[in-house]
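Just so you know, these numbers use all the heavy atoms, side chains as well, and skip hydrogens, waters and symmetry mates. Chain letters run A, B, ... following the sequence lines, proteins first and then strands; every chain starts at 1.
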Amino acid sequence: MKLYLGIVLLLLTAFAKGDDEKAKIILVKRILNDIITERNDLAIEYNLYNIGDGVATDVELADSSFHESDFELISGMTSVKWSRINAGSNVTHAIVVQPLRAGDFNFTSAVVQYVSEKGVDVTFGYSNEIGEQEILSLKEYNRLHASHMMEWGLFALWCMPSIDVPLLLYYLSKRKYSKKVKKN
Amino acid sequence: MAPKSSNFSKEEELLLQDFGRDLTRKSSLIFYMHAIVVSALPLWLFNRIHQMELTEHAILFAIGTLVSTYLVASAYKNNKFQLKHKVAQKRSDGVAAEINSQMAENDSKKVSKKEKDERILWRKNEVAEAESMQLAVVYSNSVFLILLILLSFFFFKSYSPMINYIISMIGASGITALLSTSSKN
C-alpha cells in the first residue's frame, strides 16, 4: 500500500512540474428548492470545479448574502475551507437556511479565493448571481400549494344536504306515483 | 293579453296556476332559503383555502352572498317553470290513479266527473309544483357549485383572493341564472 502511494505521488509531482500548470476554479451556486417560502428550509448548493491544470490550494468559499436579519442558518457553514482541489476534480458544499421574511430577495454571488500556483498571490472568483427571487409568505404558500383535503371533504359534506335532500324527496314522490300506475 | 279579472272559474284558475311563472309565498321562501344556504357555502372555501378572513372581508362577503342568492333564486324560478310541465305530464297517470283509488274508498259519496277531473288537475298541479321545485333546486345548485369550483380553483386560481371571489361568485351565479333562461322546446 505504501509503495503504491509512493508511486502515485511521484507521478503527480512529475506531472505537476510541467509548465503553465495553473488551477482555475469555477464556482456555481444553485438554489435546490422550486418554491422559496418564509419559515421553510431553503437549500443552497455550491459546486467548485477546478478546470485548470494545476492544484488549487488554500481554497476558501464564503457567501455573505445570508444576513442574520434575513435568514436563519439551519445547517452547514457559509464559510468553508479546503486545503486543495486537484486539477479536473470538483467539490460540493451545501447549506440550509430559513428565510425570516416574505417578499423579494436578491440572491447575490458567493466568493471563492484560492492559490492557483505556488508563489502566486491569492486569486478571487465569483459565482453566478441567482438574482431576485420571490419568498412566499406561509399564507400564500398554503393558498397555492397545500392539499386542503380536510377542507374539501368538509365542503363536500356541507353541500350534500342542498343537493341530496331535494333529490331524495323528488325520487320518493316519483316512486310513489310510478307504483300507483303499476298497481292500476 | 287578457286583463286581470277575478271572474275565472276554478278550472281556469288552476290552469293559470299551472302555466304561470308566479310563485306562492311559501315557494318563494323555500327558494330563497335554499339560495342563501348554497351562496353562503363557498365562504368556507374562501376562508380556509384562499385564506380570506371573514371579519376583514365581511362587507364583500355579504354583498357577494346577497347578489348570488338573488341570481340563484331566479335560476330556481326559471328552471322550475320549465320542468313543471314535463313533470305534470309524467305524473298524470299516477295522480289519476291516486284520486280514483281515493274515490273508490269513499264509495258512498257520488262524485261527478267534473269534480273528479278538477281534483285530478289540482293534485297534479300540487305534485308537479313540489317535484319541479325539488328538481330545480338540485339542478341549479349542482351547476352553481361546479361553476364556482371551476372558476375559483382552475381559471382564476392565480388571481388575488378578492378578485377571485368577486369573479367566481358573480360568474357562477350569473351563468346559472343565464342557463336557466334558455328554453328547450
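- Distance check: B:Trp44 CH2 to A:Trp152 CH2 gives 12.0 Å after rounding to the nearest 0.5 Å.
- Within a 6.0 Å radius of CZ in B:Phe153, more than 12 heavy atoms belonging to other residues, nucleotides or ligands are found.
- The shortest heavy-atom contact between A:Ser162 and B:Val37 is OG-CG1, 3.7 Å.
- Using a 4.5 Å cut-off between heavy atoms, B:Leu145 contacts chain A through its side chain alone, with no backbone atom that close.
- In this structure, the side chains of A:Tyr177 and B:Val87 stay at 4.5 Å or more apart for every pair of heavy atoms.
- Counting non-hydrogen atoms of neighbouring residues, nucleotides and ligands closer than 6.0 angstrom, the CD atom of A:Glu68 reaches no more than 12 such neighbours.
- Per-residue counts of heavy-atom pairs under 4.5 Å with chain A were compared for B:Gln51, B:Arg91, B:His50, B:Gln134; the largest is that of B:Gln134.
- The local environment of CG in A:Asp121 is sparse, with at most 12 non-hydrogen atoms from other residues, nucleotides or ligands closer than 6.0 Å.
- No chain of hydrophobic side-chain contacts below 4.5 Å, direct or via other Ile, Leu, Val, Met, Phe, Trp or Tyr residues, connects A:Leu138 to B:Ile49.
- Contact of the A:Lys176 side chain with the B:Glu98 side chain is registered, since non-hydrogen atoms from C-beta on lie closer than 4.5 Å.
- Side-chain contact between A:Pro166 and B:His34 is present, with at least one heavy-atom pair separated by less than 4.5 Å.
- A distance of 6.5 Å separates NZ in A:Lys174 from NZ in B:Lys90, rounded to the nearest 0.5 Å.
- Residue A:Leu32 is not grouped with residue A:Ile95 when hydrophobic side chains (ILVMFWY) are merged at heavy-atom distances under 4.5 angstrom, including chains of intermediate members.
- In plain terms, the two heavy atoms of B:Leu41 and A:Phe155 that are nearest each other are O-CE1, 3.7 Å.
- The neighbour count for B:Tyr159 OH, taken as heavy atoms of other residues, nucleotides or ligands under 6.0 Å away, does not exceed 12.
- The CD1 atom of B:Ile146 lies 10.5 Å from the SG atom of A:Cys159; values are rounded to the nearest 0.5 Å.
- Residue-environment remark: NZ (A:Lys81) stays at or below the threshold of 12 foreign heavy atoms within 6.0 Å.
- When side chains are defined from C-beta on, B:Val38 does not count as touching A:Ile163, because their heavy atoms never get closer than 4.5 Å.
- Contact of the B:Tyr139 side chain with the A:Leu167 side chain is not registered, since no non-hydrogen atoms from C-beta on lie closer than 4.5 Å.
- Around atom CD1 of B:Ile120, more than 12 heavy atoms belonging to other residues, nucleotides or ligands sit under 6.0 Å away.
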